[in-house]
Amino acid sequence: MKIWLIILIVVILLILLILSYIARFAFNKVLKVTKRRDYFDEKYLRKRYIDGNFEKMKEYNQQNNYIDVNVESIDNLNLYGRLLLKSRTKFVILIHGYHSISNRLLELAQFYEKNDFSVLLVDLRGHGKSEGNYVGMGYMDSFDIEKFIDYLQNNYGSNIQIVLHGFSMGAATVMNVIKNNSPLVKFAIEDCGFYDAKKELKYKIRHDYHFPATPVYEFTYLIYLFKTHHDYHKFKPIDSVKKTNIPLLIVHGDKDDFVPVAHAYKINAATNSYHKLLIIKDAGHTLSYKTNQKLYEENIKEFINQFIK
């Protein structure tokens with residue numbers, strides 16, 4: 001065998017070895033759950049709550065009498081949620097984001113409770129008390145949220161009214177759920193969601209870890225598919241909003257560097273149901289409520305007044 005051919009084969013094998021190593025690193029960082037946040041991860045929450053609210057939210061949480069909610073996913077995972085029962089007719093399901101925690105949304109839980117809603121705080125698969133070792137990227141999570149909707153219907157009847165409110169990956173989850181046009185869901189809010197799972201993961205690999213998105217993403221995806229047998233590859237929330245007739249409030253911060261604000265404009269342009277775009281000035285990723293609480297709440301109330309009886 002000619003020496004140049006041997007060298008070429010060695011170089012190709014070396015490149016594949018390096019790519020597989022990088023892809024496994026990216027997989028472990030991006031898609032595998034290696035550590036779960038505590039419900040009151042102080043450093044994490046102080047940055048995300050409205051200034052001065054951390055202790056108030058701890059106290060609010062302690063005062064609540066939650067009902068434990070357990071449902072089984074389509075792939076046999078035990079999923080956990082906490083229901084704060086205020087009303088037997090009006091419910092909001094709050095859905096946290098990627099590698100986050102349900103207590104991240106306690107401020108909004110308090111807001112909805114004050115507006116006479118029961119609040120279901122869910123732990124997405126791989127987070128909190130829910131089983132799972134890998135993130136669902138909003139795709140598998142959407143099937144999980146449908147299970148929680150079934151729980152509410154089975155326990156409180158078919159005349160209930162549900163609001164879905166999700167953040168980041170939870171927002172992508174919401175967009176995939178509403179394509180089914182459940183008559184129970186009266187409106188939905190997606191806050192800083194991405195319009196395409198593949199594009200978002202490529203952006204994260206490039207932005208956070210400075211790897212070439214192609215072919216690292218493709219190798220990472222193959223590892224995920226092998227490990228989970230779940231194919232989120234073609235999951236595009238932008239396709240889901242084209243199919244919905246459920247009203248949608250689209251919220252995004254104009255300083256979001258995790259899911260760029262361009263995603264919101266694309267989702268807004270694609271949505272066929274009644275929808276409104278709310279861009280919060282100077283807000284980073286999932287920080288729109290913290291940045292402009294008044295405007296955020298005014299827009300939620302506008303949708304409540306329009307679509308909740």
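Starting from 1, each residue takes its place in the sequence as its number.
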Would the distance check show the side chain of D38 and the main-chain N or O of F40 forming a donor-acceptor pair, the cut-off being under 3.5 Å? no
Once you measure the plane-to-plane angle for H165 and Y112, does it fall in the parallel (<30°), tilted (30-60°) or perpendicular (>60°) bin? perpendicular
Quick one: closest heavy-atom pair of D256 and C192, and the distance? OD2-CB, 3.4 Å
Looking only at non-hydrogen atoms, find the nearest pair between H275 and N268 and report the distance. CD2-OD1, 2.9 Å
Among side-chain atoms of S73 and D144, is any donor-acceptor pair under 3.5 angstrom? no
Using every non-hydrogen atom in the two residues, find where S130 and R125 come nearest and quote the distance to one decimal. CB-CA, 4.1 Å
With a 3.5 Å cut-off and no angle check, do the side chains of S273 and T271 form a donor-acceptor pair? no
Check whether any side-chain heavy atom of L106 sits under 4.5 Å from a side-chain heavy atom of L121, and report yes or no. yes
Point-to-point distance, once rounded to the nearest 0.5 Å, from NZ of K242 to CD1 of I267: 11.5 Å
Does the side chain of K290 come within less than 4.5 Å of D51's, by heavy atoms? yes
Closest approach of Y217 and I205, non-hydrogen atoms and distance? CA-CD1, 3.8 Å
Within 45 degrees of the ring normal and closer than 6.0 Å to the centroid, is that where the cationic atom of K32 sits relative to Y134? no
Does F194 form a ring pair (Phe, Tyr, Trp, His ring centres under 6.0 Å) with H263? I'd like the steps, not just the answer. CA-CA 6 Å; F194 51 82; H263 286 254; 7.1 Å; no
Measure centre to centre between the rings of Y232 and Y224, then say whether the value is under 6.0 Å. yes
Would you give the length of the straight line joining atom OG1 of T244 to atom CD1 of I178, rounded to the nearest 0.5 angstrom? 4.0 Å
State, without any angle test, whether N180 and S182 hold a side-chain donor-acceptor pair at a distance under 3.5 Å. no
Taking the side chain as everything from C-beta on, heavy atoms only, tell me whether H127 gets closer than 4.5 Å to M169. yes
Measure the CG-NE2 distance between L225 and H230 for me, rounded to the nearest 0.5 Å. 10.0 Å
Does one side chain, of S168 or H285, offer a donor that lies under 3.5 Å from an acceptor on the other? yes
Any side-chain donor paired with an acceptor under 3.5 Å for D191 and Y296? yes
Does the side chain of Y60 come under 3.5 Å of the side chain of E113 through a donor N or O and an acceptor N or O? yes
Ion pair check, K47 and E42, cut-off under 4.0 Å: no
Between N61 and Y39, is the side chain to side chain donor-acceptor pair (under 3.5 Å) condition met? List the steps. CA-CA 10 Å; N61 187 66; Y39 277 119; over 6 Å; no
Parallel, tilted or perpendicular: which fits the ring planes of F54 and Y49, with parallel below 30° and perpendicular above 60°? tilted
Can R82 and N103 be counted as having a side-chain donor-acceptor contact under 3.5 angstrom? yes
Report yes if some heavy atom in the side chain of K301 is under 4.5 Å from a heavy atom in the side chain of F111; otherwise report no. yes
How long is the gap from CG on L164 to CD1 on I93, to the nearest 0.5 Å? 5.5 Å
Go through the steps to decide whether Y139 and F235 satisfy the test ring pair (Phe, Tyr, Trp, His ring centres under 6.0 Å), and finish with yes or no. CA-CA 6 Å; Y139 175 65; F235 172 47; 5.8 Å; yes
With a cut-off of 6.0 Å (strictly less than), are more than 12 heavy atoms of other residues, nucleotides or ligands near NZ of K236? no
With a 4.5 Å cut-off on side-chain heavy atoms, are N272 and V241 touching? no
Can you find a side-chain donor-acceptor pair between D123 and S102 that sits under 3.5 Å? yes
Surrounding CG of N65 (heavy atoms of other residues, nucleotides or ligands, distance under 6.0 Å), is the total greater than 12? no
Quick one: does L295's side chain get under 4.5 Å of I280's, heavy atoms only? yes
Answer yes or no: is there a donor N or O on one side and an acceptor on the other, between the side chain of D150 and the main chain of K147, under 3.5 Å? no
List the steps, then state whether ring pair (Phe, Tyr, Trp, His ring centres under 6.0 Å) holds for Y274 with F187. CA-CA 9 Å; Y274 176 87; F187 72 86; over 10 Å; no
Regarding K202 and T214, do their side chains bring together a donor and an acceptor under 3.5 Å, going by distance alone? yes
Shortest non-hydrogen separation from K186 to P247 and the atoms involved: O-CD, 3.3 Å
Without swapping roles, check the side chain of N53 against the backbone of K56 for a donor-acceptor pair under 3.5 Å. no
Student check: side-chain heavy atoms of E72 and N78 closer than 4.5 Å: no
Begin with the C-alpha distance, continue with both residues' side-chain angles, and end with the deciding distance and a verdict on ring pair (Phe, Tyr, Trp, His ring centres under 6.0 Å) for F167 and Y289. CA-CA 11 Å; F167 292 75; Y289 187 73; 8.4 Å; no
Check: residues 19-26 side-chain donor-acceptor pairs under 3.5 Å, at least two apart:
unit_1: S20; atom_1: OG; unit_2: L16; atom_2: O; d: 3.2
unit_1: S20; atom_1: OG; unit_2: L17; atom_2: O; d: 2.7

Pairwise distance CD(E297) to NZ(K114) - rounded to 0.5 angstrom: 8.0 Å
Basic-acidic side-chain contact under 4.0 Å: D282, K255: yes
Could you label the plane-to-plane angle of the Y156 and F91 rings as parallel, tilted or perpendicular, counting under 30° as parallel and over 60° as perpendicular? tilted
Please determine whether side chain to side chain donor-acceptor pair (under 3.5 Å) holds for the pair K281 and N292, giving the CA-CA distance in whole Å, both sets of side-chain angles, and the decisive distance to 0.1 Å. CA-CA 8 Å; K281 183 176 172 56; N292 197 331; over 6 Å; no
Specify the closest pair of heavy atoms between S118 and K86, including all atoms of both residues, with the distance to one decimal. OG-N, 2.7 Å
Using 0.5 Å steps for rounding, measure from the CG atom of D41 to the OG atom of S100. 9.0 Å
Does NZ or CZ of R37 lie under 6.0 Å from the centre of the six-membered ring of Y44, at an angle within 45° of the ring axis? yes
Taking the six-membered ring of F117, is the NZ or CZ of K90 close enough (under 6.0 Å from the centre) and on axis enough (within 45°)? yes
Below 4.5 Å, heavy atoms only, C-beta onward: do I246 and N181 meet side chain to side chain? yes
